[in-house]
K.L.:
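Okay, handing you the structure first.
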Amino acid sequence: MDLISIVVVTYNSGKTVVETLDSIYKQTYQKLELIVSDDCSIDNTVDVVRKWIKTHKKRFVNVRLLKAKENHGVTKNCNIGIFQAKGKYVQIIAGDDLFMQNAIERKRDYAEKNKLNVVFSKVKVFGANIPRVNYVKRYCERGYCIAKKGWQEQYDQIILGNFIAGPSGEFFLTEYIQKLGGFDVHYPMLEDYPFIYHYILAGNEIVLLEEELEQYRISNSSIWTSNNKNYVKSSIKFFFRERFKELIKNKKYKIALNEMIYSLGQLFGS
């Protein structure tokens, strides 16, 4: 049985991280390494995790709690965990999301059967903000439809915007993601979109595992619901460094111009 590493990325996750850890503990797949990478939380996250690990560490082959001395942003926080991973595969999960009980087993089997470096699966969106939850559900369903149409449609759409919800794409062959250098640290608050963008532009096709294997929490602090200025800055930087030239190359002049105007407005209006 292959060792699989699970990296829990946390930042001020004290109220939710125990639920996340409990969902890992209950996995049907047994040979697991647990790595918690905390991005210098200022709440009680680290104390909560330490207490949980003390009680549950025997469940895992190896357990590590990594605490940054300064806040780096989600991208580098993911990378810190990725490069500590010793398993054949590595799964990233945020400290407020949850796994279905068979998530790791299903993803591992799917990766092995289809010889995949990355497994993309569906997510179940939940949270108290029902209008926002419904919005994200529609976003996800649209993304799944795009994913099933093959590489050309995936390429056409990824240059326009991200269509895959982050947690669904973050189960990797460890050797593969480590050789890539992890996520692109040029974009501190935008780890998933640049990765998926380059994955598709390199000629890789998303092969969708059509099962809901994570529960994706939408809360008031989520990027989906909060006005995160650092996220906006990362998105704008990604547009000007990468997406703009691809849009022009594909003669999407109007879209490129509109996004440029919008981005500049966001940048100078913030």
Side-chain angles (χ1 to χ4, degrees), residues 7-17 20 37-46 66-82 92-97 123 125 127-136 138-140 143 158-170 181-198 216-247 255-270:
V7 176
V8 183
V9 289
T10 60
Y11 178 68
N12 293 345
S13 309
K15 293 180 179 179
T16 59
V17 69
T20 304
S37 184
D38 184 76
D39 198 20
C40 198
S41 291
I42 57 175
D43 70 350
N44 65 339
T45 299
V46 172
L66 311 171
K67 188 180 186 305
K69 294 181 179 179
E70 59 181 299
N71 183 256
H72 298 296
V74 65
T75 302
K76 187 170 182 179
N77 196 27
C78 287
N79 286 351
I80 289 169
I82 285 168
I92 313 292
I93 187 169
D96 60 350
D97 294 335
V123 297
V125 185
N129 187 334
I130 301 304
R132 207 63 185 161
V133 166
N134 289 335
Y135 170 81
V136 178
R138 291 192 296 271
Y139 162 89
C140 290
I158 202 66
I159 65 174
L160 300 177
N162 190 13
F163 59 84
I164 290 290
S168 65
E170 295 177 353
F183 296 114
D184 193 336
V185 294
H186 287 103
Y187 316 110
M189 296 300 295
L190 193 70
E191 86 287 7
D192 56 332
Y193 187 13
F195 172 81
I196 295 169
Y197 178 90
H198 288 294
Y216 187 19
R217 189 191 306 263
I218 304 300
S219 66
N220 290 333
S221 60
S222 301
I223 288 175
W224 285 102
T225 55
S226 62
N227 184 19
N228 189 310
K229 291 182 179 180
N230 290 325
Y231 172 77
V232 171
K233 288 178 181 178
S234 288
S235 299
I236 291 170
K237 189 175 183 180
F238 180 57
F239 170 73
F240 281 108
R241 282 175 60 99
E242 315 222 23
R243 289 181 56 225
F244 182 78
K245 61 184 178 183
E246 202 68 23
L247 287 166
I255 294 171
L257 179 61
N258 287 341
E259 287 219 26
M260 182 174 68
I261 293 170
Y262 175 77
S263 296
L264 291 172
Q266 291 284 96
L267 184 62
F268 294 107
S270 59

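No hydrogens, no waters, no symmetry mates; every other heavy atom, side chains included, goes into these values.
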K.L.:
Are Glu170 and Phe183 close enough that some pair of their side-chain heavy atoms sits under 4.5 Å apart?
P.N.:
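In contact.
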K.L.:
What is the minimum heavy-atom distance between Asn77 and Ser37, and which atoms define it?
P.N.:
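In this case the closest contact between Asn77 and Ser37 is OD1-OG, 2.6 Å.
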K.L.:
Which heavy-atom pair separates Thr10 from Val17 by the least distance, and what is that distance?
P.N.:
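Result for this residue pair: CG2-CG2, 3.8 Å.
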K.L.:
Any side-chain heavy atom of Asn79 sitting closer than 4.5 Å to one from His72?
P.N.:
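Side-chain contact under 4.5 Å: no.
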K.L.:
Would you say Asn71 and Tyr11 make side-chain contact, with heavy atoms under 4.5 Å?
P.N.:
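They are in contact (side-chain heavy atoms under 4.5 Å apart), so the answer is yes.
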K.L.:
How long is the straight-line distance from CD of Glu70 back to NZ of Lys76, given to the nearest 0.5 Å?
P.N.:
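The NZ atom of Lys76 sits 7.0 Å away from the CD atom of Glu70.
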K.L.:
With distance as the sole criterion, is a donor-acceptor pair present between the side chains of Asp96 and Ser13 under 3.5 Å?
P.N.:
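Side chains of Asp96 and Ser13: no pair found under 3.5 Å.
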K.L.:
Just how far is it from atom CD1 of Ile92 to atom SG of Cys78, taken to the nearest 0.5 Å?
P.N.:
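Here the interatomic distance stands at 5.0 Å.
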K.L.:
Which residues satisfy the side chain to side chain contact (heavy atoms under 4.5 Å, CB included) test with Val133, sequence neighbours excluded?
P.N.:
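For Val133, the residues satisfying side chain to side chain contact (heavy atoms under 4.5 Å, CB included) (neighbours in sequence not counted) are Val125, Lys137, Ile218.
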K.L.:
Under the 3.5 angstrom rule, does the side chain of Thr16 hit a backbone N or O of Asp97 as a donor-acceptor pair?
P.N.:
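No; zero donor-acceptor contacts below 3.5 Å.
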K.L.:
Just do the side chain to side chain contact (heavy atoms under 4.5 Å, CB included) check on Asn162 and Tyr139 with the steps written out, would you?
P.N.:
CA-CA 10 Å; Asn162 190 13; Tyr139 162 89; 3.9 Å; yes
K.L.:
Taking the side chain from Tyr187 and the backbone from Ile236, do they hold a donor-acceptor pair closer than 3.5 Å?
P.N.:
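Not a single qualifying donor-acceptor pair exists.
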K.L.:
What closest approach, in Å, do Asp39 and Val74 show between heavy atoms, and which atom pair accounts for it?
P.N.:
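For Asp39 and Val74, the tightest heavy-atom pair comes out as OD2-N, 4.3 Å.
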K.L.:
Considering only heavy atoms from C-beta outward, does the side chain of Asn230 approach that of Pro188 to under 4.5 Å?
P.N.:
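Contact flag for Asn230/Pro188 side chains = no.
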K.L.:
Tell me if the NZ atom of Lys15 is crowded by more than 12 foreign heavy atoms within 6.0 Å.
P.N.:
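At most 12 heavy atoms, drawn from other residues, nucleotides or ligands, come within 6.0 Å of this atom.
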K.L.:
Hey, does Pro131 have a side-chain heavy atom less than 4.5 Å from the side chain of Tyr135?
P.N.:
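In short, these two side chains do not touch, never coming nearer than 4.5 Å.
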K.L.:
Please find the pair of heavy atoms, one from Val123 and one from Ala165, that lie closest to each other, and give the distance.
P.N.:
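Here Val123 and Ala165 meet closest at CG2-CB, 4.3 Å.
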K.L.:
Measure the shortest side-chain to side-chain distance between Glu242 and His198 over non-hydrogen atoms and say whether it is less than 4.5 angstrom.
P.N.:
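Yes; the side chains approach each other to less than 4.5 Å.
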K.L.:
Taking the side chain as everything from C-beta on, heavy atoms only, tell me whether Phe238 gets closer than 4.5 Å to Tyr197.
P.N.:
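Yes. Closest side-chain heavy atoms under 4.5 Å.
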K.L.:
Rounded to the nearest 0.5 Å, what's the gap from CG on Asp192 to CD1 on Ile164? Could you check?
P.N.:
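If we round to the nearest 0.5 Å, Asp192:CG and Ile164:CD1 are 10.0 Å apart.
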K.L.:
By side chain to side chain contact (heavy atoms under 4.5 Å, CB included), which residues pair with Ile255, not counting sequence neighbours?
P.N.:
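Side chain to side chain contact (heavy atoms under 4.5 Å, CB included) check on Ile255 returns Leu160, Leu247, Lys252, Glu259.
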K.L.:
About how many Å separate OG of Ser235 and CZ of Arg243, when rounded to the nearest 0.5 Å?
P.N.:
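It is 9.0 Å, given to the nearest 0.5 Å.
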K.L.:
Would you name the heavy atoms of Lys67 and Cys40 that are closest together and state the gap between them?
P.N.:
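For Lys67 versus Cys40, the nearest heavy atoms are NZ-CA, 4.1 Å.
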K.L.:
Could you tell me whether a side-chain N or O of Asn12 sits under 3.5 Å from a main-chain N or O of Ile42, the two making a donor and an acceptor?
P.N.:
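Checked: pair present.
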K.L.:
Are Asp184 and Arg241 close enough, and set up right, to give a side chain to side chain contact (heavy atoms under 4.5 Å, CB included), and what steps lead you there?
P.N.:
CA-CA 12 Å; Asp184 193 336; Arg241 282 175 60 99; 5.5 Å; no
